[in-house]
Structures are given as C-alpha cells and as structure tokens.
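Written below as structure tokens is the structure these notes are about.
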Amino acid sequence: MQPKNSKYRKTFRGRRRGVAERGSKVDFGEYGLKSLGRGWLSAKQLEAARRTIAHATSRGGKVWLRVFPHKPITSRGAGVRMGGGKGDISEYVAVITPGRILFEIAGISEELTREAFRKASAKLPFPTIVVGRH
C-alpha cells in the first residue's frame with residue numbers, strides 16, 4: 001500500500017510523542033485491535049496482519065483498516081559513502097502512537113475475533129490489546 005500522490009516526495013523522520021486522541025475509539029465494528037506501543041507500521045506489516053485476520057476468520061464478517069501508510073521512508077544502499085543527498089524511497093509507513101485503533105471487525109463471535117487479533121498481533125512491531133465498543 002502507498003498513497004496515490006503526495007504533496008512532498010520525501011519527508012522528515014519526525015518524533016513519535018504523545019498518545020492517540022483521534023482514532024482511539026471503536027467507531028465502525030464491534031471489536032478493535034488497539035496499539036499499546038509506538039512506532040512505524042510498514043505497509044508490509046499492515047498487509048500481513050490484514051491477511052492473517054482474513055484467514056483466521058475464514059473471510060467472515062467485515063474488517064476495517066483504520067490506519068494507512070502515508071509516510072515515505074528513505075534508505076541508502078549498504079556501502080554507499082557519506083554525502084550525495086537523501087536516499088530513494090524504500091517503503092511507506094504509518095506512524096502509530098499508543099491508543100490508536102489499527103483494525104476493527106464486526107459480524108463474528110468474540111472468541112473468533114480474539115483469536116484472529118492474537119494472530120495478527122504477532123505480525124506487528126508493538127504490543128496490542130483487543131477492545132470492544134464502549
């Protein structure tokens with residue numbers, strides 16, 4: 001996954017401070033997978049977790065992705081000398097702060113949801129928790 005277009009081709013790395021206020025409640029489904037840590041969630045990790053949820057639920061119910069990888073990350077090849085400018089875009093990431101809802105699901109039982117989210121959580125680079133609609 002990557003954005004169709006962006007205002008700037010390369011961005012600064014930024015600081016991952018604070019907690020999520022937007023996107024911190026279950027709005028669409030019955031259960032959500034909430035982040036307890038902070039970090040960059042790459043497009044590959046997000047897709048791996050999504051596929052795991054789809055497989056674990058036998059494609060039942062409805063799944064919502066609440067994050068999208070908008071941030072381009074650059075890298076330089078190994079053995080490249082200093083200087084020469086910023087590297088090429090290697091991947092896109094979503095910046096995740098604690099409290100952010102990553103996935104939502106509806107239409108399947110709580111036990112199946114918890115098992116699917118447990119498997120998906122293993123694909124993510126930070127701890128998560130399953131939350132219900134308040």
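Note that this is a predicted model, so its numbers are computed, not measured. Reckoned from all heavy atoms, side chains included, excluding hydrogens, waters and symmetry mates.
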What pair of heavy atoms forms the shortest contact from [X] to [Y], and how long is it?
| X | Y | answer |
| --- | --- | --- |
| Ser90 | Ser75 | CB-OG, 3.3 Å |
| Gly29 | Glu104 | N-OE1, 2.7 Å |
| Val26 | Arg133 | O-NE, 3.9 Å |
| Lys86 | Thr11 | NZ-O, 2.7 Å |

So how far is it from [X] [atom1] to [Y] [atom2], rounded to the nearest 0.5 Å?
| X | Y | atom1 | atom2 | result |
| --- | --- | --- | --- | --- |
| Met1 | Ser42 | CE | OG | 9.5 Å |
| Lys34 | Ser121 | NZ | OG | 14.5 Å |
| Lys123 | Gln45 | NZ | CD | 11.0 Å |
| Thr128 | Arg100 | OG1 | CZ | 15.0 Å |
| Thr97 | Arg22 | OG1 | CZ | 11.0 Å |
| Ile108 | Lys62 | CD1 | NZ | 13.0 Å |

Report whether [X] and [Y] are members of the same hydrophobic cluster (ILVMFWY, side-chain heavy atoms less than 4.5 Å apart, transitive linking).
| X | Y | answer |
| --- | --- | --- |
| Ile53 | Phe28 | no |
| Ile89 | Leu46 | no |
| Tyr31 | Val67 | yes |
| Leu65 | Phe126 | yes |
| Leu36 | Val131 | yes |

Side-chain ([X]) to main-chain ([Y]) donor-acceptor, under 3.5 angstrom:
| X | Y | answer |
| --- | --- | --- |
| Arg66 | Ile101 | no |
| Arg38 | Gly18 | yes |
| Lys10 | Gly87 | yes |

If we only count heavy atoms from C-beta on, is the Pro125 to Leu41 side-chain gap below 4.5 Å?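 Answer yes - side chains close enough.
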
Taking the side chain as every heavy atom from C-beta outward, state whether Phe103 and Arg50 have any pair of such atoms under 4.5 Å apart.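 Side chain of Phe103 against side chain of Arg50, heavy atoms only: contact under 4.5 Å found.
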
Just wondering, more than 12 heavy atoms not from Arg16 lying within 6.0 Å of its CZ?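 Counting neighbours around CZ of Arg16, more than 12 heavy atoms of other residues, nucleotides or ligands fall under 6.0 Å, so yes.
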
Would you indicate whether Lys44, at its atom NZ, is surrounded by more than 12 heavy atoms from other residues, nucleotides or ligands within a distance under 6.0 Å?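 No, because the 6.0 Å sphere around NZ of Lys44 holds 12 heavy atoms or fewer from other groups.
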
Co-members of the apolar cluster containing Met82 [side chain, <4.5 Å]: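 So far as hydrophobic clustering goes, Met82 is joined with none.
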
Identified side-chain contact (heavy atoms from CB on, under 4.5 Å) counterpart of Phe117 within the set Ile105, Leu112, Leu102: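 With Phe117 as partner, Ile105, Leu112, Leu102 yield a single side-chain contact (heavy atoms from CB on, under 4.5 Å), made by Ile105.
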
My understanding is that only one of Trp40, Phe12, Tyr92 makes a side-chain contact (heavy atoms from CB on, under 4.5 Å) with Lys71; could you say which?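 With Lys71 as partner, Trp40, Phe12, Tyr92 yield a single side-chain contact (heavy atoms from CB on, under 4.5 Å), made by Trp40.
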
For Arg118, what residues pass the side chain to side chain contact (heavy atoms under 4.5 Å, CB included) criterion, not counting sequence neighbours?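 If we apply the side chain to side chain contact (heavy atoms under 4.5 Å, CB included) test to Arg118, skipping adjacent residues, the hits are Glu115.
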
Results of ring pair (Phe, Tyr, Trp, His ring centres under 6.0 Å) for His70 - residues two or more places apart only: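 Residues passing ring pair (Phe, Tyr, Trp, His ring centres under 6.0 Å) with His70: Phe68.
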
